[in-house]
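FYI, side chains are in, hydrogens and waters are out, and symmetry mates aren't considered; it's all heavy atoms of this structure. Just follow the structure's listing: the first ligand is 1, and inside any ligand the first atom is 1. Note that the structure is predicted; figures quoted are calculated from it, not measured. Each residue takes its place number in the sequence, starting with 1.
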Amino acid sequence: MYNDKVLKVFQNPSNSGEIPDADGVGTIGNASCGDIMKIYLKISGDRIVDAKFKTFGCAAAIATASVATDMVIGKTIDEALKIKNADVVEFLGGLPPQKIHCSVLAEEAIHAAIDDYRSRQNKQ
Ligand code: FES
């Protein structure tokens, strides 16, 4: 069902785990399958300096979270917000149509983590 690139990333994903002192954490549930994605961001100034993920999701969720976290590390917040699940799917060389919804999890969880970061900043 998956291409070789997706399988390779799934078998050896980057950035899995958590950041205990994260500056922003976002958790998103997938309405269609019930799986969950949690993204942790470390932010310095306006730049994402580290990102990690934990998921109860399928191979597509793991592979797309790996790529999405790789893509946002080193980016400014505004640049990270422009990264779409379609960019991640394209990088992976495509996903089966019934797995596209899995790729939305990482994008939405990154947005939720940035929202969390911003609301923490506003409280200071
Ligand atoms: Fe739930 Fe892929 S089937 S994240």
Who pairs with Ala59 by side chain to side chain contact (heavy atoms under 4.5 Å, CB included), at least two apart in sequence or on another chain?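 Checked Ala59 against side chain to side chain contact (heavy atoms under 4.5 Å, CB included); matches are Tyr2, Phe10.
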
Pairs touching residues 58-71 that satisfy side chain to side chain donor-acceptor pair (under 3.5 Å), sequence neighbours left out: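 Sorted result for residues 58-71: Ser14-Asp70, Asn15-Thr69, Asn15-Asp70.
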
So what's near atom 1 (Fe) of ligand 1, protein N, O or S atoms under 2.8 Å?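 As for protein N, O or S atoms lying under 2.8 Å from atom 1 (Fe) of ligand 1, they are Cys33 SG, Asp35 OD2.
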
Okay, side chain of Glu107, backbone of Val104: is any donor-acceptor separation there less than 3.5 Å?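 Absent.
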
Hey, does the side chain of Asn85 reach the backbone of Ser103 with a donor-acceptor pair shorter than 3.5 angstrom?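 A pair under 3.5 Å: no.
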
Quick one: does Lys99 get a heavy atom under 4.0 Å from ligand 1?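 Yes.
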
Residues Asn30, Ser32; criterion side-chain hydrogen bond (donor to acceptor under 3.5 Å, both in side chains); working and verdict: CA-CA 6 Å; Asn30 192 320; Ser32 52; 2.7 Å; yes

Considering residues at least two apart in sequence or located in another chain, which fulfil the salt bridge (charged side-chain N to carboxylate O under 4.0 Å, His left out) criterion with Lys5?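 Result, salt bridge (charged side-chain N to carboxylate O under 4.0 Å, His left out) vs Lys5: none returned.
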
